[in-house]
Amino acid sequence: MASAVIVLAGSGAGRAAGQDGMPDLPKAPVETAGSLSGAYLAAKTAQASGDLDAATDYYTQALSIDPTAEALQQDAMFAYLADGRFKDGVDLAAKLRDDANVAKVARITLGVDALTKGDFEAAIAEFDVVNPTDLDALLLAHLMAWAEVGAGRVDEALSRIDQSTGAPWYAIFNAYQKGLIASLAGRPQVARKVLSDVVADQTLARTSPDAYLGAADALARLETREGDKQAALKAVDAGLAVAPNYTPLTFLRDRIDRGETIEPAAASVQEGAAESLYVLGQAINRGDGRDVALLYFQLARALSPRSPALLTALAGIAEQANQLDLAISYYKEIPENSAFRRTADLQIGLDLWYAEKKDEAKRHLERAVRDYPDDVRAHTALADVLSADKQYAEAAGALDKAVELAKADDAENWNLYYQRGIAYERQKMWDKAEPDFKKALELSPDQPQVLNYLGYSWVDMNRHLDEGLGMIKRAVDLRPNDGYIIDSLGWAYYRLGRYDDAVEQLERAVLITPMDPTINDHLGDAYWQVGRKREAKFQWERALVGKPEPEAEQRREIEAKLKDGLTGAASSEKADTGTAETPKRAEAEATSPTTDLPAKPANPAATPASPTPPEAAPGAAPTTTN
């Protein structure tokens, strides 16, 4: 039997509404397979394509034909759990509890189910797994500790955390969970000590940003509830020093300032156990680990179905799998009074754009700007989709407001000036564009996109030639494997009449980005200028079948060159078609909607400190072998 990582590969993010008190998403019925092999093959095919919803339906069909097939049960259990069909996963876990291949995951699932029902002794028994890996051992110790709290044995719970020694990266996770347990159990001095120790050491954030920021949040809540507002705000400030745009902390600060009643970080055993699964899931939520993180998140969601952080994490996985409707449905479940609500609203607008619902996306983001008129991110999100739709004047207007609201000298705001510069340049307003590009470089001097854009623009206009070429070379040094920026260098050489140099750079660019039509078109032009006319026509033909397809005007120009060769007129007008990450290519990168809004929770894939946190390898996460 393959590992959980392999079983869940390509699974996406599961369904946004499961079977535990929340309505399911509307879904198209799958066809009846008609045979065991047909249903099983259809399930595996759907799973491989990322359609877990259809996969689980086909697994259900297959199980109705043969409910005893072990391999089928194993695959179906993982699919059910990843899809958020927790009760179906539990039913199969009960049958597979002693199966040598999947016992660990089955028992963790049964233990989580026991926690949801408040059967804490049963949970402890299920979590008592032999020969765990490092990550298994840490997770199981935390889940058992929460079960001990539920059973009324707080001292035993804290002792389990203290005795959970193993890999060096355990420290921050143990301290965070101990702080949550002590806080819930009414032991503020213990909680304050361990949480303060975490918050005082900012280097721990490199091991787990989520655990560090969670500790700052938990400490601030504890101090507020203990009546020490200044200590609470100090904890918030410590977290914001690590992640200045972390919305949950800014939201909490506002609530503390208003004197609102602040809830504890974990208000129940179930919420605490869910937080353990969530934080460890975030630690491995990258690359091959994303499928295992999905399993963790869905188990956590069985314990805390309305957790905004979990819903946001699940939406992020759905976005990575290009399941945008599913991501939107997760965002819509986030409660209105949550710190994550505003970010969810902005992400919905961007996801609508990527889902080709462009008019709806613009209407949604226009409404967001009205709802959040003082939020820089709302204006920049709207500017993103307006620029992507080539509404540059409107995009510049939205960015004017963003620049007005932002701190002018904050290095993080370089992109506001860069994007507005592009919007101006696209309107042929260079007198406004150039100062914005310069301001972006003043705030952040080593941004390759800006160096490339401004440098190429100068070369293209026959201005500041040495400085412009130097900027492009610097951009290439910063991103030596970026085919688009290397293409810009090659095309700058072309515009300067240095055709041999142009060929050298454009050949490099096309090796890195072989299907881009503009890069192939440029190389064809350079080949023509050095007398390699047969090769020039070959590159132009490649440009016509490139991905993405060339726009109509560029297609006409290429077809004309294939017919008549590179004429003087075509050569002199060539720059107006845009070059890779010079004006037109840079516009595509800088102004297309992005799913990486500043207010999203800290990136779990941040560079880890040494010693390294857990990897999401089959042997590191809860595995399917004993």
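Predicted, not measured: the structure shown is a model, and the values here were computed from it.
- Glu70 and Lys95 are not joined by a salt bridge, as no carboxylate oxygen comes within less than 4.0 angstrom of a charged side-chain nitrogen.
- When all heavy atoms of Ser183 and Leu222 are compared, the pair lying nearest together is OG-CD1, 4.0 Å.
- For the 3.5 Å distance criterion, the side chains of Gln347 and Tyr330 fail to qualify, holding no donor opposite an acceptor.
- Here the CG atom belonging to Asp91 is positioned 11.0 Å from the CD atom belonging to Gln73, to the nearest 0.5 angstrom.
- Note on Asp119 versus Lys117: no salt bridge recorded, every NZ/NE/NH1/NH2 to OD/OE distance being 4.0 Å or above.
- Defined by atom type and a distance below 3.5 Å, a donor-acceptor pair is present between the side-chain atoms of Asn245 and Glu412.
- For the 3.5 Å distance criterion, the side chains of Thr60 and Tyr80 qualify, holding a donor opposite an acceptor.
- The existence of a salt bridge linking Arg85 and Asp53 is excluded, since no basic side-chain nitrogen approaches an acidic carboxylate oxygen closer than 4.0 Å.
- In terms of heavy-atom proximity, Ala344 sits nearest to Ile334 at CB-CD1, 3.8 Å.
- Residues Leu195 and Lys178 form no side-chain contact, since every pair of their non-hydrogen atoms from C-beta on lies 4.5 Å or further apart.
- When all heavy atoms are compared, the tightest approach of Leu311 to Arg301 is CD2-NE, 3.6 Å.
- Side-chain contact annotation: His142 with Asn174, donor-acceptor N/O pair under 3.5 Å present.
- Here the side chain of Ser64 pairs a donor or acceptor atom with the backbone of Gln61 at under 3.5 angstrom.
- Put simply, the side chain of Leu92 does not reach to within 4.5 Å of the side chain of Leu81, judged on heavy atoms.
- A salt bridge links Lys44 and Asp75; the closest N-O separation between the charged side-chain nitrogens and carboxylate oxygens is under 4.0 Å.
- When all heavy atoms of Gly179 and Ala191 are compared, the pair lying nearest together is O-CB, 3.5 Å.
- Not a single donor-acceptor pair under 3.5 Å links the side chain of Ser159 to the backbone N or O of Glu156.
- When side chains are defined from C-beta on, Ile317 counts as touching Asn285, because their heavy atoms get closer than 4.5 Å.
- For the pair Val198 and Val194, the minimum side-chain heavy-atom distance is 4.5 Å or more.
- Residues Thr68 and Asp66 have side chains that bring a donor and an acceptor to within less than 3.5 angstrom of each other.
- Two residues are said to be in side-chain contact when any heavy atoms from C-beta on lie closer than 4.5 Å; Ile108 and Leu140 meet this criterion.
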(request) List the steps, then state whether side-chain contact (heavy atoms from CB on, under 4.5 Å) holds for Leu277 with Phe297. (result) CA-CA 7 Å; Leu277 282 157; Phe297 295 154; over 6 Å; no
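- Closest of all the heavy-atom pairs between Leu180 and Ala218 is CD2-CB, 3.8 Å.
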(request) Kindly indicate, with the supporting measurements, whether the criterion side-chain contact (heavy atoms from CB on, under 4.5 Å) is fulfilled by Met144 and Ile124. (result) CA-CA 5 Å; Met144 291 172 82; Ile124 292 171; 3.8 Å; yes
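- Between the side chains of Glu275 and Tyr176, at least one donor-acceptor pair of N or O atoms lies under 3.5 Å.
- The shortest distance between side-chain heavy atoms of Asp217 and Tyr246 does not fall below 4.5 Å.
- Expressed to the nearest 0.5 Å, how far CG of Leu213 lies from CG of Leu240 amounts to 8.5 Å.
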(request) Show your working on side-chain contact (heavy atoms from CB on, under 4.5 Å) between Leu184 and Glu271 and close with a plain yes or no. (result) CA-CA 10 Å; Leu184 179 64; Glu271 286 187 11; over 6 Å; no
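- The distance from atom OG1 of Thr250 to atom CZ of Arg342, rounded to the nearest 0.5 Å, is 8.0 Å.
- In the model, Asp345 has no side-chain atom that pairs as donor or acceptor with a side-chain atom of Tyr331 under 3.5 Å.
- Between Tyr40 and Tyr59, the ring planes are perpendicular. Angles over 60° get that label, and only those under 30° would be called parallel.
- By the side chain to side chain donor-acceptor pair (under 3.5 Å) test, Glu148 pairs with Arg153, Arg160, sequence neighbours left out.
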(request) Begin with the C-alpha distance, continue with both residues' side-chain angles, and end with the deciding distance and a verdict on side-chain contact (heavy atoms from CB on, under 4.5 Å) for Leu280 and Leu138. (result) CA-CA 9 Å; Leu280 286 173; Leu138 184 63; 3.8 Å; yes
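- Using a 3.5 Å distance cut-off with no hydrogens or angles, the side chains of Arg225 and Thr261 do not pair a donor with an acceptor.
- Asp228 places a side-chain N or O within 3.5 Å of a backbone atom of Ala231 that can act as its donor or acceptor partner.
- Just one residue in the list Leu294, Asp88, Asp57, Leu52 forms a side-chain contact (heavy atoms from CB on, under 4.5 Å) with Asp83, and that residue is Leu52.
- Listed here is the closest heavy atom pair of Ala238 and Tyr212: O-OH, 3.8 Å.
- Using a 4.5 Å heavy-atom cutoff, the side chains of Tyr278 and Ser307 are not in contact.
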(request) Begin with the C-alpha distance, continue with both residues' side-chain angles, and end with the deciding distance and a verdict on salt bridge (charged side-chain N to carboxylate O under 4.0 Å, His left out) for Asp98 and Arg107. (result) CA-CA 9 Å; Asp98 298 318; Arg107 291 185 62 174; 5.9 Å; no
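- Judged as a salt bridge (Lys or Arg N to Asp or Glu O under 4.0 Å), and not counting sequence neighbours, the contacts of Asp197 are Lys193.
- A side-chain N or O of Trp146 and one of Gln177 form a donor-acceptor pair less than 3.5 Å apart.
- Using a 4.5 Å cut-off on side-chain heavy atoms (C-beta onward), Arg97 and Glu126 make contact.
- Annotation: the span from Asn337 atom CG to Arg255 atom CZ amounts to 8.0 Å, rounded to 0.5 Å.
- The residues Lys87 and Asp113 are annotated as not salt-bridged, no charged nitrogen and carboxylate oxygen being separated by less than 4.0 angstrom.
- Note that the OG1 atom of Thr247 and the CG atom of Asp375 stand 7.5 Å from one another [nearest 0.5 Å].
- Atom CG of Asp210 sits about 12.0 Å away from atom OG1 of Thr207, to the nearest 0.5 Å.
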